[in-house]
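The structure presented is a predicted model; accordingly, all values stated were derived computationally and were not measured.
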Amino acid sequence: MKKFVSLAMVLALCLCLFAGCGQESSEPTENPEATAPAGGTGEPAAEGAAFYFGAVGPLTGENAIYGNAVKNGAQIAVDEINEAGGINGYQLKFRFEDDVSDGETSVNAYNTLMDDGMQVLVGPVTTGPALSVSTLVNEDRTFMLTPSASSLDVVDGKDNVFQLCFTDPNQGMGSATYIAANMPEAKIAVIYRNDDTYSTGIYETFVAECENQNLDVVYEGAFTGEGASDFSVQLTGAQSAGADVVFLPIYYQPASIIFAQADAMGYEPTFFGVDGMDGILTMPNFDMSLAEGVMVLTPFSADATDERTVSFVTKYNDQFGETPNQFAADGYDCIYALKQALEASDANPEMTNEELCDALVAQFTSMSFDGLTGSGLTWGADGTVSKLPMAVVIHDGAYVSAENA
């Protein structure tokens with residue numbers, strides 16, 4: 001396997017989708033003696049008052065791996081916070097609605113949560129649903145922090161909508177920059193889904209940055225959702241063009257088919273994916289040997305040795321029987337970033353959604369946050385986040401840093 005040097009430049013990257021046939025909730029422990037802290041309403045909070053975070057994402061359907069990872073990671077954070085005394089002395093209520101990665105269902109899930117008294121939204125998880133819900137959130141003046149909806153359209157023109165993941169354009173730019181630094185002589189093919197906002201957003205920026213970096217893109221092959229089962233045309237085109245790196249700005253399901261079909265035809269390029277590839281390691285009935293050597297640009301690796309990551313991975317394994325992916329880490333970080341902002345603004349749960357929204361916007365546009373997915377995270381007024389990626393390689397069914405591969 002080739003060895004790659006670590007990403008040597010600082011990339012200001014921003015973050016990277018759906019509503020409601022089911023729900024999960026975490027009820028807080030009552031805190032009857034809590035009163036509003038300085039800077040709040042000035043009135044004592046109601047007995048048992050709690051902050052109410054709602055969340056929306058796919059718990060069923062083809063993208064369920066993403067939604068369940070976010071839910072599980074967020075739940076660990078909620079439990080830790082409540083066990084430690086809550087936020088400003090108040091417990092945290094958490095409820096997750098299933099949107100099966102569908103925009104209309106996501107809107108219904110959001111409305112269900114709002115009717116139930118939700119104060120802050122975590123999600124939606126995927127881009128399509130997040131586009132549908134973000135407009136409503138902006139109209140309602142309820143603060144929204146999506147863990148993984150990466151399109152710029154999600155935050156565009158909505159001052160109260162923020163992202164924790166890299167944006168689509170910056171995933172494409174970061175990937176091209178990494179390849180230029182580590183594989184400058186590569187002949188590159190791109191296989192992307194042209195009827196998907198997520199995939200096309202990354203593809204367009206990647207190709208543009210490849211041109212800026214004088215990288216050689218020898219083939220570009222598109223497919224649609226209906227054609228995501230046979231990639232023989234795209235793979236033959238890439239192989240015939242001599243591509244030794246194939247960039248895949250797509251989700252892991254079609255990528256798994258591409259790996260199998262490339263193997264069957266004896267084509268062995270270096271496959272390079274982005275955050276949608278996360279999920280391949282826990283895909284049921286997938287031959288993991290087919291993903292050996294696949295590279296992924298990610299903000300989180302479960303094999304990191306810092307104390308906080310080790311603790312999170314251990315808890316996740318113990319509770320859910322698997323290794324967390326970056327979506328789980330994104331969910332965890334969302335909860336803690338909101339906690340930091342609420343504490344810094346002396347917020348209390350008796351404040352209106354609009355008051356909480358204003359307080360959170362002020363904090364997110366001025367604070368720095370250290371989480372599992374990066375240290376020194378900052379947000380711009382446009383809702384995008386600045387964080388650094390790292391390159392990992394799949395080896396023996398696990399992520400390892402590219403420099404150690």
Engineer: Under 4.5 Å between any side-chain heavy atoms of Y192 and T200, yes or no?
Structural biologist: yes

Engineer: What's the shortest heavy-atom distance between A180 and L215, and which atoms?
Structural biologist: CA-CD2, 3.8 Å

Engineer: Got L377 and S368 here, is their nearest side-chain heavy-atom distance under 4.5 Å?
Structural biologist: no

Engineer: Could you give the distance from OH (Y90) to CG (N82), rounded to the nearest 0.5 Å?
Structural biologist: 14.5 Å

Engineer: With distance as the sole test, does N72 use its side chain to make a donor-acceptor pair with the main-chain N or O of N68 at under 3.5 Å?
Structural biologist: yes

Engineer: Calculate, to the nearest 0.5 Å, the distance between atoms CD and OG1 belonging to Q213 and T177 respectively.
Structural biologist: 5.0 Å

Engineer: Are the side chain of T135 and the backbone of S132 linked by a donor-acceptor contact shorter than 3.5 Å?
Structural biologist: no

Engineer: Tell me if a side-chain donor or acceptor on T309 pairs with a main-chain N or O of D306 at a distance below 3.5 Å.
Structural biologist: no

Engineer: Quick one: does V122's side chain get under 4.5 Å of I335's, heavy atoms only?
Structural biologist: yes

Engineer: Will you find, in the side chains of T282 and E322, an N or O donor that is under 3.5 Å from an N or O acceptor?
Structural biologist: no

Engineer: Judged by atom type as modelled, is there a donor-acceptor pair below 3.5 Å linking the side chain of Q119 to the main-chain atoms of Y52?
Structural biologist: yes

Engineer: Within the side chain of D195, is there an N or O that forms a donor-acceptor pair under 3.5 Å with the backbone of G225?
Structural biologist: yes

Engineer: Fit a plane to each ring of F364 and W379, take the angle between them on a 0 to 90° scale, and name the class: parallel (under 30°), tilted (30 to 60°) or perpendicular (over 60°).
Structural biologist: perpendicular

Engineer: Could you tell me whether the side chains of D333 and T373 share a donor-acceptor contact shorter than 3.5 Å?
Structural biologist: yes

Engineer: May I ask you to check whether Y399 and D278 show a side-chain donor-acceptor distance below 3.5 Å?
Structural biologist: yes

Engineer: Kindly indicate whether a cation-pi arrangement holds for R308 with Y336, taking the cut-offs as under 6.0 Å to the six-membered ring centre and within 45° of the axis.
Structural biologist: yes

Engineer: According to the interplanar angle, ranging from 0 to 90°, do the rings of Y267 and F271 count as parallel (below 30°), tilted (30 to 60°) or perpendicular (above 60°)?
Structural biologist: perpendicular

Engineer: Using the ring centroid of each side chain, check whether F53 and F94 are separated by less than 6.0 Å.
Structural biologist: no

Engineer: Taking only Lys NZ, Arg NE, NH1 and NH2, and the carboxylate oxygens of Asp or Glu, determine whether K187 and D216 approach each other closer than 4.0 Å.
Structural biologist: yes

Engineer: Examine F286 together with Y252 and report whether their ring centres are nearer than 6.0 Å.
Structural biologist: no

Engineer: Could you check whether any side-chain N or O of T146 sits under 3.5 Å from a backbone N or O of P124, counting only pairs where one atom can act as donor and the other as acceptor?
Structural biologist: yes

Engineer: Does a donor on one side chain and an acceptor on the other come within less than 3.5 Å for D115 and T112?
Structural biologist: no

Engineer: I'd like to know if K93 pairs up with D116 as an ion pair, taking the criterion as any Lys NZ or Arg NE/NH1/NH2 lying under 4.0 Å from an Asp or Glu carboxylate oxygen.
Structural biologist: yes

Engineer: Quick check: do L121 and V56 have side-chain heavy atoms less than 4.5 Å from each other?
Structural biologist: yes

Engineer: Taking atom types as modelled, find out whether Q75 and Y332 have a side-chain donor-acceptor pair closer than 3.5 angstrom.
Structural biologist: no

Engineer: Do you know which two heavy atoms are closest between F96 and G67, and how far apart they sit?
Structural biologist: CZ-O, 3.7 Å

Engineer: Does any pair with a residue in residues 221-238 pass side-chain hydrogen bond (donor to acceptor under 3.5 Å, both in side chains), and if so which ones, sequence neighbours excluded?
Structural biologist: D230-S232

Engineer: Looking at every heavy atom in both P249 and V274, which two are closest together, and how far apart are they?
Structural biologist: CA-CG2, 4.0 Å

Engineer: Give me the atom names and distance for the closest heavy-atom approach of M173 to T205.
Structural biologist: N-CG2, 3.8 Å

Engineer: What class does the angle between the rings of F223 and F231 fall in, given that below 30° is parallel, 30 to 60° is tilted and above 60° is perpendicular?
Structural biologist: perpendicular

Engineer: What heavy-atom pair brings Q171 and I202 nearest, and what distance separates the two atoms?
Structural biologist: NE2-CD1, 3.8 Å

Engineer: For E343, look at atom CD and say whether over 12 heavy atoms of other residues, nucleotides or ligands are found less than 6.0 Å away.
Structural biologist: yes

Engineer: Any idea which heavy atoms bring T197 and S151 closest together, and the distance?
Structural biologist: CG2-OG, 3.8 Å

Engineer: Around atom CD of Q319, are there more than 12 heavy atoms of other residues, nucleotides or ligands at under 6.0 Å?
Structural biologist: yes

Engineer: For the backbone of L297 and the side chain of D275, can you confirm whether one donor and one acceptor N or O come within less than 3.5 Å of each other?
Structural biologist: no

Engineer: Among side-chain atoms of D140 and T142, is any donor-acceptor pair under 3.5 angstrom?
Structural biologist: no

Engineer: Strictly by modelled atom types, are N348 and N88 linked by a side-chain donor-acceptor pair under 3.5 Å?
Structural biologist: no

Engineer: Under a 4.0 Å threshold between the charged nitrogen and the carboxylate oxygen, would D156 count as salt-bridged to K158?
Structural biologist: no

